[in-house]
Every structure is written in structure tokens, then in C-alpha cells.
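For reference, the structure discussed in these notes is given below.
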Amino acid sequence: MDLLTRARGPARGGLAAHLREPTQVLFLALLGLVAAGWVLVALDGGQFLTLESVVGIQQRSAALGIVAVGQTLAILAGSLDLSVAYLISLASLVAAEIMAGQDGNIGPAVAAVLAVSALVGLVNGLVITRLQVHAFIATLGVALIIRGALDHLYDGPAGRVPESFQVLGYSRIGPIPVSALLWAGVAVLAWLLLSRTRLGYRIYAVGGDEEVARLSGIRTGRVVVLAHVLCSVCAGVAGLLLAARLGAGAPTVGTDGGYDLESIAAVVLGGTALAGGKGGVAGTVGGVLLLAVLDSIFNQLEINSFVKDVVRGVVIVVAVAVYARRTRGRRA
């Protein structure tokens with residue numbers, strides 16, 4: 001059996017075996033959180049899972065979910081992306097300024113956003129692979145470049161999104177927002193990529209052991225670059241969604257939402273190893289939903305932001321500690 005075949009094994013059987021438990025634990029924790037929220041909100045005199053709150057959870061989690069799916073691809077390849085928050089802001093501005101309130105400009109605006117996003121991802125990937133700069137520093141540097149451009153060119157919201165495009169941000173089919181369907185579509189495509197394509201196998205192989213992947217004939221640099229391009233495209237899609245929701249572009253919409261660190265937190269909470277090679281989209285979806293439900297409970301109980309951040313931090317640290325302990329236990 002050659003090294004590439006061995007690398008493919010964990011991407012299917014081995015991955016399922018290693019991460020079935022963390023994913024199940026995460027979704028059980030999500031169910032437990034929903035039950036706890038139901039009780040706490042009821043004791044406070046309110047109702048938790050009303051149609052309004054369920055729709056709100058879906059709408060609030062859609063943009064983060066899309067970014068986190070892209071972040072999953074980068075992290076699985078043994079990298080990460082800190083430029084996504086500023087790229088989201090840039091994408092929203094590019095979209096809103098090209099649309100300028102005209103329905104006929106929607107197609108060109110979407111194409112421009114995807115092209116700009118792919119270019120940013122390409123730059124991230126090439127800096128990491130060709131210049132041998134660590135992903136943390138490389139993507140942080142690109143983030144600062146984008147921030148400098150945004151600060152120089154914009155003082156506030158700009159452009160205008162036509163009402164027909166705002167359907168993406170606010171319309172729904174029954175109880176399901178269109179934005180949630182968009183997130184589901186992105187997640188399914190990423191899952192198919194990881195589980196059914198050669199690129200998906202190679203992402204797991206490179207993240208699991210880059211040297212083994214290289215010796216098996218995989219062009220590891222190309223895989224990392226493609227993972228970053230896909231991650232940035234997801235951030236661009238999230239920027240389009242937020243532009244539809246705001247009705248304009250905003251230079252701080254990405255950073256105000258904290259989508260860089262929030263997306264990484266959701267990925268790690270979902271059981272994906274920061275070192276790469278282990279994890280998947282299902283866990284990331286669960287991590288995003290858990291954070292969204294937690295926020296909904298806090299909002300309904302009117303808990304201040306300081307306590308929110310503390311509790312969210314504790315949840316993430318405990319989850320990662322549990323996963324690490326399980327991994328050490330299996331190795332022992």
C-alpha cells in the first residue's frame with residue numbers, strides 16, 4: 001500500500017473512528033444546552049424556542065457558519081486564516097459599491113467579490129508556501145494590509161444594495177431563512193469536497209503529516225494554497241450575506257462580528273485539531289450552533305457582554321481539554 005493510499009484511509013474510516021465521539025458529544029451538549037436554556041428562560045418568565053428565536057438563531061449563525069466552514073478547510077490542511085474578518089468587510093464594500101442599488105449589477109458584483117476573495121486567498125497561500133511564512137503571521141499581515149486600505153478609503157458605510165438582493169439576508173422559506181439555506185449549501189459542498197474528492201483526501205493528508213504527504217507525491221504547497229483560496233471565498237460569501245443584511249457595505253462589519261477568532265473557536269469547538277488532519281464540517285456546524293444558542297440564551301436573559309465572553313471562553317477551553325484528554329487516553 002503506497003503512502004497516498006495510507007493517507008486516504010484516515011480521511012474516511014480513521015477520521016470517522018477518531019472523531020465520532022467528539023462530534024456526538026458536541027451535539028449531545030447542544031441538546032443539553034437547549035434544554036437548560038428552555039428551563040432558565042422559563043424561570044425568567046419568557047419562552048425560549050419560539051419561532052422568532054429559532055429564526056434569529058439561524059440568521060445570526062449563517063455568516064459565522066459560512067466563514068467557519070472555510071476556516072475548517074484551512075485548519076484541516078494544517079494552516080489557519082486571520083484575514084477573514086477584514087476580507088468580509090472588503091467584500092461587503094465591493095459588493096455594495098458595484099451594485100449601487102441597481103438590480104442589473106448584482107451578477108457583476110457577486111463575481112467581483114468572489115474574484116477578490118480568491119485573490120486574497122491566493123496571496124495568503126503563496127506567502128505561506130513560497131515564502132515559508134507561518135500561517136499566523138502571513139494571514140495577520142494580509143489582514144493588516146486590508147485594514148490599512150479600508151481605513152484609508154472609507155470613513156463609514158458605502159454603496160447600496162438593491163432590495164432584490166436583500167432577500168438573501170431577510171427572506172425565509174417557511175421557518176427557514178434563505179441565509180440558513182445558503183450556509184447549509186456551503187457546508188454540504190465542503191463536506192462533499194472533503195469526503196468524496198481527491199483534493200479532500202489530500203487536505204487531510206497534508207494536515208496530518210506534511211512530510212509523508214510530500215513523499216507520497218502530493219504537491220503539498222498547492223493543497224495549502226487551494227485550501228486558503230476556498231477559505232477566502234467562503235469569507236467573501238459571508239461578506240455578500242452581511243451586505244444584503246445591512247443594505248450597504250461597511251468597513252467594520254467583519255471585525256465588529258469578530259469573525260476571525262469566532263470562526264476558529266467554532267472549528268476547534270467542533271473537534272477539529274488545530275494541528276490539522278483531524279476534524280470535519282459536521283463538528284464545525286455543531287460548534288457554530290452551540291455558540292449561537294448560547295448567545296440566544298444570554299440575550300433573552302439579558303446577561304451582560306462580560307459574562308457572555310467569560311462563559312464562551314470557558315466552554316471552548318473545556319471542550320478542547322476534553323478532546324485532548326480523549327486523544328491521549330486512546331494513545332495510551
Side-chain angles (χ1 to χ4, degrees), residues 3-12 14-16 18-19 66-84 87 117-143 186-187 189-237 260-261 263-285 287 323:
L3 289 174
L4 177 57
T5 304
R6 291 169 60 190
R8 288 180 180 179
R12 279 188 170 179
L15 176 66
H18 282 291
L19 289 181
I66 293 170
V67 180
V69 168
Q71 195 75 257
T72 302
L73 300 176
I75 291 176
L76 283 173
S79 190
L80 56 78
D81 192 342
L82 294 178
S83 68
V84 290
L87 178 54
S117 301
L119 178 61
V120 172
L122 179 63
V123 171
N124 280 330
L126 290 177
V127 171
I128 292 167
T129 58
R130 296 293 178 86
L131 301 182
Q132 297 296 305
V133 178
H134 191 279
F136 183 95
I137 300 300
T139 58
L140 178 60
V142 171
V186 171
L189 288 175
W191 176 79
L192 290 173
L193 171 73
L194 290 172
S195 61
R196 296 289 185 269
T197 69
R198 185 178 292 270
L199 176 59
Y201 299 141
R202 289 175 174 175
I203 286 174
Y204 279 113
V206 171
D209 193 319
E210 185 174 358
E211 183 62 18
V212 170
R214 186 184 65 80
L215 292 174
S216 68
I218 296 175
R219 296 183 178 181
T220 57
R222 180 177 296 183
V223 172
V224 172
V225 170
L226 287 173
H228 273 281
V229 169
L230 293 172
C231 179
S232 293
V233 167
C234 286
V237 173
D260 43 7
L261 299 182
S263 61
I264 295 173
V267 173
V268 173
L269 190 58
T272 296
L274 270 176
K278 295 181 181 179
V281 174
T284 297
V285 170
Y323 296 157

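Source: prediction; values computed, not measured.
How far CG of Leu274 is from CG of Leu76: 10.5 Å, rounded to the nearest 0.5 Å. In this structure, CG in Leu87 is found 8.5 Å from CG in Asn124, a value given to the nearest 0.5 Å. Going from atom CG of Leu73 over to atom CG of Asp81 covers 11.0 Å, rounded to the nearest 0.5 Å. The CG atom of Leu194 sits 11.0 Å away from the CZ atom of Arg196 when rounded to the nearest 0.5 Å. Taken to the nearest 0.5 Å, the CD1 atom of Ile203 stands 12.5 Å off from the CD1 atom of Ile75. Between the NE2 atom of His134 and the CG atom of Leu140 there is a distance of 12.0 Å, given to the nearest 0.5 Å.
For the pair Gly236 and Ser117, the tightest heavy-atom approach, listed with the atom from each and the gap, is CA-OG, 3.2 Å. For the pair Val285 and Ala187, the tightest heavy-atom approach, listed with the atom from each and the gap, is CG2-CB, 4.2 Å. Of all heavy-atom pairs between Ala138 and Val133, the closest is N-CG1, 3.7 Å. For the residue pair Val84 and Ser263, the shortest heavy atom distance occurs at CG2-OG, 4.3 Å. Nearest heavy-atom pair, Ile128 versus Ser79, reported as atom, atom and distance to 0.1 Å: CD1-OG, 3.7 Å. Minimum interatomic distance between Val281 and Val69 (heavy atoms only, all atoms of both residues): CG1-CG2, 4.4 Å.
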Chi angles and distances behind the side-chain contact (heavy atoms from CB on, under 4.5 Å) call for Cys234, Val67: CA-CA 6 Å; Cys234 286; Val67 180; 6.0 Å; no

Trace of the side-chain contact (heavy atoms from CB on, under 4.5 Å) decision for Val212 with Ile218: CA-CA 9 Å; Val212 170; Ile218 296 175; over 6 Å; no

Verdict with supporting geometry, Val225 and Leu122, side-chain contact (heavy atoms from CB on, under 4.5 Å): CA-CA 6 Å; Val225 170; Leu122 179 63; 3.7 Å; yes

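Side chains of Thr272 and Gln71 form no contact here, defined as non-hydrogen atoms less than 4.5 Å apart. Side-chain atoms of Ile137 and Val127, non-hydrogen and from C-beta on, never get closer than 4.5 Å to each other.
In this structure Arg214 satisfies the side-chain hydrogen bond (donor to acceptor under 3.5 Å, both in side chains) test together with Glu211, sequence neighbours excluded.
Of the possible donor and acceptor atoms, one in the side chain of Ser232 sits under 3.5 Å from a partner among the backbone N and O of Gly121. Between the side chain of Gln132 and the backbone N or O of Thr129 there is at least one donor-acceptor pair closer than 3.5 Å.
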